[in-house]
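Just so it is clear, the structure is predicted and the values come from calculations on it, not from any experiment. Quick note on labels: first sequence line is chain A, next is B, and so on, each numbered from 1.
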2 protein chains.
Amino acid sequence: MGLDAEALAGVIGSRVRHERIDRGWTLDRLAEVAGVSRRMVVSVEQGTVNPSIGTLLRLSDALGVGLPALVEPPHRARTKVTRAGGGAVLWRGDTGGRGVLVAGTEPPDVLELWDWTLAPGETHASEAHSERTRELLHVHEGTLAIALAGETFTLSVGDALSFVGDEAHSYANPADVPTRFSLAVYEPGVGSAHRKDGIDG
Amino acid sequence: MGLDAEALAGVIGSRVRHERIDRGWTLDRLAEVAGVSRRMVVSVEQGTVNPSIGTLLRLSDALGVGLPALVEPPHRARTKVTRAGGGAVLWRGDTGGRGVLVAGTEPPDVLELWDWTLAPGETHASEAHSERTRELLHVHEGTLAIALAGETFTLSVGDALSFVGDEAHSYANPADVPTRFSLAVYEPGVGSAHRKDGIDG
DNA sequence: CCCATCAGTGCAGCATACTGCACTGATCGT
DNA sequence: ACGATCAGTGCAGTATGCTGCACTGATGGG
């Protein structure tokens with residue numbers, strides 16, 4: 001199923017080490033507080049042993065971190081590569097424009113990176129999101145006209161815009177050459193359950 | 001800190017055993033699937049050993065349950081005793097009646113047990129709750145008149161009533177002796193966040 | 001009854017978690 | 001240079017996790 005004991009030992013080790021360093025503790029200090037030999041602390045941190053739960057419990061107590069957090073499997077896909085063309089095309093214009101989601105995090109806190117292309121004359125309308133939604137965009141090619149809250153902003157290559165996504169807005173290409181821009185969207189708290197992680201990085 | 005290794009071993013053991021029994025597995029079967037000796041399975045289930053994470057990992061894999069779930073500390077306050085007089089008096093009548101919350105669970109699924117006393121002639125009105133709310137009551141002393149949805153039910157000692165709490169209702173004591181009854185209220189899904197952890201602090 | 005299956009115990013032996021100590025080496029501040 | 005403090009290694013001894021086996025006892029079916 002998950003991972004083998006050897007890999008798990010490594011993960012646990014890095015977490016113990018991380019927590020210890022965070023507190024500015026020496027090996028001796030952690031060993032003393034936890035009531036484990038210093039030699040054992042080193043071995044655990046290096047993942048070269050298969051510690052008993054008793055030992056891990058003492059270490060997790062000393063570090064003030066829950067034992068489950070120590071033994072939790074590493075989060076899947078902390079880094080994920082989307083190759084060119086591998087993004088999800090979630091919008092298509094009539095004349096060739098596309099909105100491609102090239103990268104995104106999992107709920108509940110969703111951060112998305114889009115790659116947008118608008119053919120001349122194309123327009124894409126977006127409805128309002130939550131009031132905490134933030135959107136950042138950066139124009140790479142062409143000209144982009146953004147209608148937002150009764151105003152229209154016209155951006156050229158290199159221009160960027162930051163706005164709150166809680167109002168309906170639209171992107172348009174008013175020129176006669178294709179427009180391309182990157183769009184980053186941050187929408188916190190979507191999804192049902194919040195996974196209380198707290199695992200290393 | 002949470003609990004000592006000995007107690008934890010016991011908790012882990014009962015969980016392993018529970019999962020195994022749930023699946024209708026014999027000791028031999030779990031031992032075989034997990035790749036640990038049958039002797040070890042018995043020892044772990046009895047909490048008489050301090051298993052290594054390697055062993056626990058194999059068991060949790062075989063059972064299809066996450067290792068963190070196995071080592072998670074028991075949820076706090078699964079049972080809570082409210083001594084006599086220790087309940088919260090959340091309603092007081094003008095002539096001595098009282099509504100006392102003697103026990104209740106935490107959100108989101110709230111189950112409450114009330115101890116109500118109504119002096120002669122007293123009335124308590126309750127507004128409507130959610131449509132999924134259920135109320136059960138049991139009369140211990142006196143007479144209770146419940147007005148609900150246009151009807152009035154009169155209950156005597158020993159009588160009980162079950163109803164849905166999504167309409168305004170009122171309790172009254174129509175007699176000249178005190179009335180006492182127990183009231184159980186179940187209201188699912190109140191409260192904002194569901195605390196998934198039960199880590200003690 | 002006999003036989004099979006299961007949970008559970010006791011024990012001997014092996015593998016290894018864990019300890020304690022001595023040691024190396026790097027990095028400080030004086 | 002010097003001592004102090006730190007991380008990390010190697011090793012021998014001890015404690016114990018873990019295995020395998022033999023055994024008891026309970027249950028259920030033919």
Sub-3.5 Å pairs of nitrogen or oxygen atoms, protein against nucleotides 13-17 of chain C:
| unit_1 | atom_1 | unit_2 | atom_2 | d |
| --- | --- | --- | --- | --- |
| C/dA17 | O5' | A/N50 | O | 3.4 |

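- Between B/V177 and B/N173, the shortest heavy-atom distance links the atoms O-ND2, 2.8 Å.
- Nearest to the side chain of A/S37, among D/dG20, C/dT19, D/dG8, sits C/dT19.
- Atom CZ in A/R17 sits roughly 12 Å away from atom C1' in D/dC6 (whole-Å rounding).
- In terms of polar N and O atoms assigned as donor or acceptor, the side chain of B/R39 comes within less than 3.5 Å of the base of C/dG10 in a complementary pairing.
- Regarding B/W25, its CH2 atom lies at a distance of 20 Å from the C1' atom of C/dG8, rounded to whole Å.
- One can place CZ of A/R38 at 14 Å from C1' of C/dC18, the figure rounded to the nearest angstrom.
- Salt-bridge annotation for B/E19 and B/R15: absent, with no side-chain N of the basic residue lying under 4.0 Å from a carboxylate O of the acidic one.
- When all heavy atoms of A/A34 and A/L59 are compared, the closest pair comes out as CB-CD2, 3.8 Å.
- Following rounding to the nearest Å, B/R20 (CZ) and C/dC6 (P) show an atom-to-atom distance of 11 Å.
- In this structure, the CD atom of A/E32 is 14 Å from the P atom of C/dT19, given to the nearest Å.
- B/L59 places its CG atom 15 Å from the P atom of D/dG17, with the value rounded to the nearest Å.
- For the residue pair A/S60 and A/L70, the shortest heavy atom distance occurs at CB-CD1, 3.7 Å.
- Across all strands shown, B/R29 has no heavy atoms under 4.0 Å from either base or sugar-phosphate atoms.
- Ranking D/dA7, D/dT19, C/dG8 by closeness to the B/V36 side chain, first place goes to D/dT19.
- Summarising the geometry, the separation between CD1 on B/I53 and C1' on D/dC18 is reported as 15 Å, rounded to the nearest angstrom.
- Classification of A/E32 and A/R38 as a salt-bridged pair fails, no side-chain N sitting under 4.0 Å from a carboxylate O.
- Nearest approach of A/L30 to A/A62, heavy atoms of both residues: CD1-CB, 3.9 Å.
- Classified by interplanar angle (parallel below 30°, tilted 30° to 60°, perpendicular above 60°), the ring pair B/W116/B/F181 is parallel.
- Regarding contacts with the backbone of D/dA7, every side-chain N or O of A/Q46 stays at 4.0 angstrom or more from both OP1 and OP2.
- If you take CD of B/E45 and P of D/dC18, they are 15 Å apart, rounded to a whole angstrom.
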